[in-house]
Amino acid sequence: MKTISIPNSVQLNFDVINYILNNVALVPPQDEDSEVCFDFNKNTWLSSEMTTFLGIIFRDLQMNNYTVYVTGFSYKLSNLLKKNGFLSHFKLSENIPDTYGTTIPFIELRPEQTKTLDEYLNNILFTKMDEKINLSENEIIKSAIYELTHNIKEHSRAGLFFMCGQFFPQKNELTFSIADAGISIPDNIIECNGPQFNCKSQYIDWATNKGTTTKTNSVGGLGLYDIKENLRPIGDLKILSGNGYAEFNSNKNVFLKDTKNRFNGTMIYLKYDLNAILNIPTQINDSETEFFQF
């Protein structure tokens, strides 16, 4: 059995994902060892939206006929992952109620499940957001998430995708992530004869610029540029796709770096500072410009 030790703190930053991907790459061929165990004994913090990242890795291993185990959960971490439904989804434990109402549940969907996707957005995610955010400011977040999720569903060629989020009352922050097992942003740009770059992360940066597209006559919807620009005053956007990793934060700083080993899909992470939202105009960028669809 191959054991992968999960680090002390797991949140979406380059060092953490690079470490985990490097260890997953060391899993021996299936005919040599068909079992993989993720050991959480050293872990004291796992950001719930990172379950979409782990979900892609777990499913990828399972689809290649590996049996996935987990061990070493602390009581606190175990409760978190039982509340958001991650453990029960992979049949690793039972759910427990979210008595504080801060969880945006973990869900796995296939592209054809449009009705289920809209029910999740409208009845779970957006309802939870309505409880935490002033209704008018809420439209900024809702519009971005709705267009993003449907863009991924329709254009990533993914067989499956995951969503999850969390509300942090003390920080007054809302986080949400979506990860798919489809074609990566760099691979799609290359396939469509887009510009050539030396680093995979540069392809992600290009895809978030105004007017960039790999699709002719693209119409409607928010693209990555619009999401990035709407987020800049109020939060962070992070994208992991293939070997590329990019961060765009509220200070207008950009961090680009390539992972050593590949993530088999794309993960997009949104963090909203709910205090900052109160101080900006409630307006979405004009979405008539071309946008990158992946």
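Quick note: numbers below take in every heavy atom, side chains included, and nothing from hydrogens, waters or symmetry partners. All residue numbers refer to positions in the sequence shown, counting from 1.
- Taking the six-membered ring for Trp, Phe126 and Tyr146 have ring centres at least 6.0 Å apart.
- No donor-acceptor distance shorter than 3.5 angstrom exists from the side chain of Glu247 to the backbone of Tyr245, with no hydrogens or angles considered.
- Considering only heavy atoms from C-beta on, Tyr66 comes within 4.5 Å of Val27 through its side chain.
- Side-chain N or O atoms of Asp258 include one that pairs as donor or acceptor with a backbone N or O of Ser201 at under 3.5 Å.
- Rounding to the nearest 0.5 Å gives a distance of 7.5 Å between CG of Asn18 and NZ of Lys257.
- Side-chain heavy atoms closer than 4.5 Å link hydrophobic residues (I, L, V, M, F, W, Y) into clusters, and following such links, even through other members, never connects Ile17 to Phe176.
- In the model, Gln166 has no side-chain atom that pairs as donor or acceptor with a side-chain atom of Ser47 under 3.5 Å.
- A continuous path of ILVMFWY side-chain contacts below 4.5 Å connects Phe263 to Phe58, so both sit in one hydrophobic cluster.
- Side-chain contact between Leu109 and Leu160: absent, with no pair of heavy atoms (C-beta onward) separated by less than 4.5 Å.
- Here the side chain of Asp60 pairs no donor or acceptor atom with the backbone of Ile56 at under 3.5 angstrom.
- No chain of hydrophobic side-chain contacts below 4.5 Å, direct or via other Ile, Leu, Val, Met, Phe, Trp or Tyr residues, connects Leu256 to Leu21.
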| So Gln62 and Arg59, side-chain hydrogen bond (donor to acceptor under 3.5 Å, both in side chains) or not? Walk me through it. | CA-CA 5 Å; Gln62 290 173 338; Arg59 274 288 179 259; 2.4 Å; yes
| request: Start with the C-alpha gap between Asn275 and Asp273, add the side-chain angles, then the distance that decides, and say whether side-chain contact (heavy atoms from CB on, under 4.5 Å) holds. | output: CA-CA 5 Å; Asn275 293 320; Asp273 179 345; 3.4 Å; yes
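- A distance-only check finds a donor-acceptor pair linking the side chain of Asp98 to the backbone of Thr102 [under 3.5 Å].
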| side-chain contact (heavy atoms from CB on, under 4.5 Å) assessment of Tyr100 paired with Lys83 | CA-CA 10 Å; Tyr100 294 102; Lys83 287 177 183 178; 4.1 Å; yes
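- Ion pairing between Asp130 and Lys142 holds under the 4.0 Å rule for side-chain N and carboxylate O.
- Nearest approach of Ala207 to Leu224, heavy atoms of both residues: O-CB, 3.9 Å.
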| request: Take Met267 and Ile239 through the test side-chain contact (heavy atoms from CB on, under 4.5 Å) and record every step on the way to the result. | output: CA-CA 6 Å; Met267 176 181 177; Ile239 303 173; over 6 Å; no
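- The two residues Lys228 and Thr208 make their nearest non-hydrogen contact at NZ-O, 3.1 Å.
- Put simply, NE2 on His89 and CG on Asn84 are 11.0 Å apart, with the number rounded to the nearest 0.5 Å.
- Without hydrogens or angle criteria, Asn23 side chain to Tyr19 main chain gives a donor-acceptor distance under 3.5 Å.
- The aromatic rings of Phe197 and Tyr203 lie perpendicular to each other, with more than 60° between the two planes, well past the 30° mark.
- In this pair, Phe90 and Phe106 present their aromatic rings tilted. The plane angle is within the 30 to 60° band.
- The aromatic ring centroids of Phe53 and Phe162 lie 6.0 Å or more from each other.
- Taking CG from Leu125 and CG from Leu174, the interatomic distance works out to 7.0 Å, rounded to the nearest 0.5 Å.
- In plain terms, the two heavy atoms of Gln113 and Arg110 that are nearest each other are OE1-N, 2.7 Å.
- Side chains of Leu54 and Phe86 form a contact here, defined as non-hydrogen atoms less than 4.5 Å apart.
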| message | If you apply the rule side-chain contact (heavy atoms from CB on, under 4.5 Å), what do you find for Arg262 with Lys200, and how did you get there? | response | CA-CA 10 Å; Arg262 179 182 179 85; Lys200 300 300 185 185; over 6 Å; no
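- Between the side chain of Asn253 and the backbone N or O of Asn249 there is no donor-acceptor pair closer than 3.5 Å.
- In this structure, the side chains of Lys42 and Pro7 stay at 4.5 Å or more apart for every pair of heavy atoms.
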| request: Just do the side-chain hydrogen bond (donor to acceptor under 3.5 Å, both in side chains) check on Asn13 and Asp15 with the steps written out, would you? | output: CA-CA 6 Å; Asn13 64 55; Asp15 291 338; over 6 Å; no
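- Judged by distance alone, the side chain of Asn172 and the main-chain N or O of Phe168 form no donor-acceptor pair under 3.5 Å.
- Inspection of the Asn95 and Ser88 side chains reveals an N or O donor paired with an N or O acceptor under 3.5 Å.
- The closest side-chain heavy-atom distance from Leu148 to Ile227 is below 4.5 Å.
- Between Glu49 and Ser177, the shortest heavy-atom contact is O-OG, 2.7 Å.
- Between Glu35 and Lys2, every side-chain heavy-atom pair lies at or beyond the 4.5 Å cut-off.
- Checking side-chain atoms of Asn43 against main-chain N and O of Asn8 turns up a donor-acceptor pair under 3.5 Å.
- Taken from CG in Leu87 to OG in Ser78, the straight-line distance is 6.0 Å, to the nearest 0.5 Å.
- Rounding to the nearest 0.5 angstrom, the gap separating the OG atom in Ser34 from the CG atom in Asn65 is 9.0 Å.
- The cluster map of Ile, Leu, Val, Met, Phe, Trp and Tyr, joined by side-chain heavy atoms under 4.5 Å apart, puts Tyr69 and Phe73 in different clusters.
- In terms of modelled atom types and a separation under 3.5 Å, the side chain of Thr71 and the main chain of Cys37 share no donor-acceptor contact.
- Shown here for Pro111 and Gly159, the closest heavy-atom pair between the two residues is CD-O, 3.4 Å.
- Residue Glu112 qualifies as enclosed at atom CD: its count of foreign heavy atoms under 6.0 Å is above 12.
- Shown here for Ser184 and Gly265, the closest heavy-atom pair between the two residues is CB-O, 4.3 Å.
- When side chains are defined from C-beta on, Thr127 does not count as touching Asn122, because their heavy atoms never get closer than 4.5 Å.
- Between Leu46 and Thr51 the shortest side-chain heavy-atom distance falls below 4.5 Å.
- By the 30° and 60° cut-offs, the orientation of the rings of Phe255 relative to Phe14 is perpendicular.
- Looking at Lys238, its side chain never comes within 3.5 Å of a backbone N or O of Leu270 through a donor-acceptor pair.
- Taking CG of Asp187 as the reference point, atom OG1 of Thr266 lies at 9.0 Å (rounded to 0.5 Å).
- By the criterion of side-chain heavy atoms lying less than 4.5 angstrom apart, applied directly or through intervening Ile, Leu, Val, Met, Phe, Trp or Tyr residues, Phe40 is not grouped with Ile96; the two fall into different hydrophobic clusters.
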